[in-house]
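To start, the structure under review is shown below, and the notes come after it.
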Amino acid sequence: WIVSGSSAGAVVAAMVGTRTHDELTTLFADGGVVKTNLCLQVLASEGGIFERLERVVRKGHIIDMLKLTEALKADLGDITFHEAYVRTGRIVNITVSPQSDFEKPRLLNYLTAPSVLLWSA
């Protein structure tokens, strides 16, 4: 199995790629309702509409990156790409877009970035 994603898809890929089959069955129980507090932790603490708009204008994103990082750490734990592959047999691929025209896109997985923690990708 190969699970790939970028941006929000990277979060889903990490959630799926770090859990065993039994854990996925529990996670997606009740007709596909995802049973995790990750989204609630991030979105519930985002502030009002004006705070979100100010963040978009000043920083270029709507979600507070520190809160997202904390939620990802809590949900995924300190598991590397290699550890996730050994644990589940799934290959997690996360693509990282370049920040400038002079950089190339990067593909992170258990072969190219085995020691990288999934929450940080």
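The structure presented is a predicted model; accordingly, all values stated were derived computationally and were not measured. By convention here, the first residue in the shown sequence is residue 1.
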Euclidean distance, Leu108 CG relative to Ser6 OG, rounded to 0.5 Å: 11.5 Å

For Ile2, side-chain contact (heavy atoms from CB on, under 4.5 Å) partners two or more places apart: Ser4, Ile91, Asn93

Could you give all pairs that pass the ring pair (Phe, Tyr, Trp, His ring centres under 6.0 Å) test and reach residues 89-108, with sequence neighbours left out? none

Can you name the side chain to side chain donor-acceptor pair (under 3.5 Å) partners of Arg106, sequence neighbours left out? none

Which heavy-atom pair separates Ile94 from Ala10 by the least distance, and what is that distance? CG2-CB, 3.7 Å

Enter the distance from Thr18:OG1 to Phe81:CZ here, rounded to the nearest 0.5 Å. 11.0 Å

Side chain Thr88, main chain Arg90, donor-acceptor under 3.5 Å: yes

Report the distance from atom CG of Leu76 to atom CE of Met15, rounding to the nearest 0.5 Å. 7.5 Å

Donor-acceptor pairs under 3.5 Å, side chain of residues 110-121 to any protein atom, not counting sequence neighbours: which ones?
residue: Thr112; atom: OG1; partner: Leu107; partner atom: O; Å: 2.7
residue: Thr112; atom: OG1; partner: Asn109; partner atom: N; Å: 3.0
residue: Thr112; atom: OG1; partner: Asn109; partner atom: OD1; Å: 3.3
residue: Trp119; atom: NE1; partner: Asp78; partner atom: OD1; Å: 2.9
residue: Ser120; atom: OG; partner: Leu117; partner atom: O; Å: 2.7

Does Val11 reach the side chain of Leu72, with side-chain heavy atoms less than 4.5 Å apart? yes

Results of side-chain contact (heavy atoms from CB on, under 4.5 Å) for Thr20 - residues two or more places apart only: Asp22, Glu23, Arg87

Surrounding CD of Gln99 (heavy atoms of other residues, nucleotides or ligands, distance under 6.0 Å), is the total greater than 12? no

Contacts of Pro105 meeting side-chain contact (heavy atoms from CB on, under 4.5 Å) (sequence neighbours excluded), chain-then-number -> Pro98

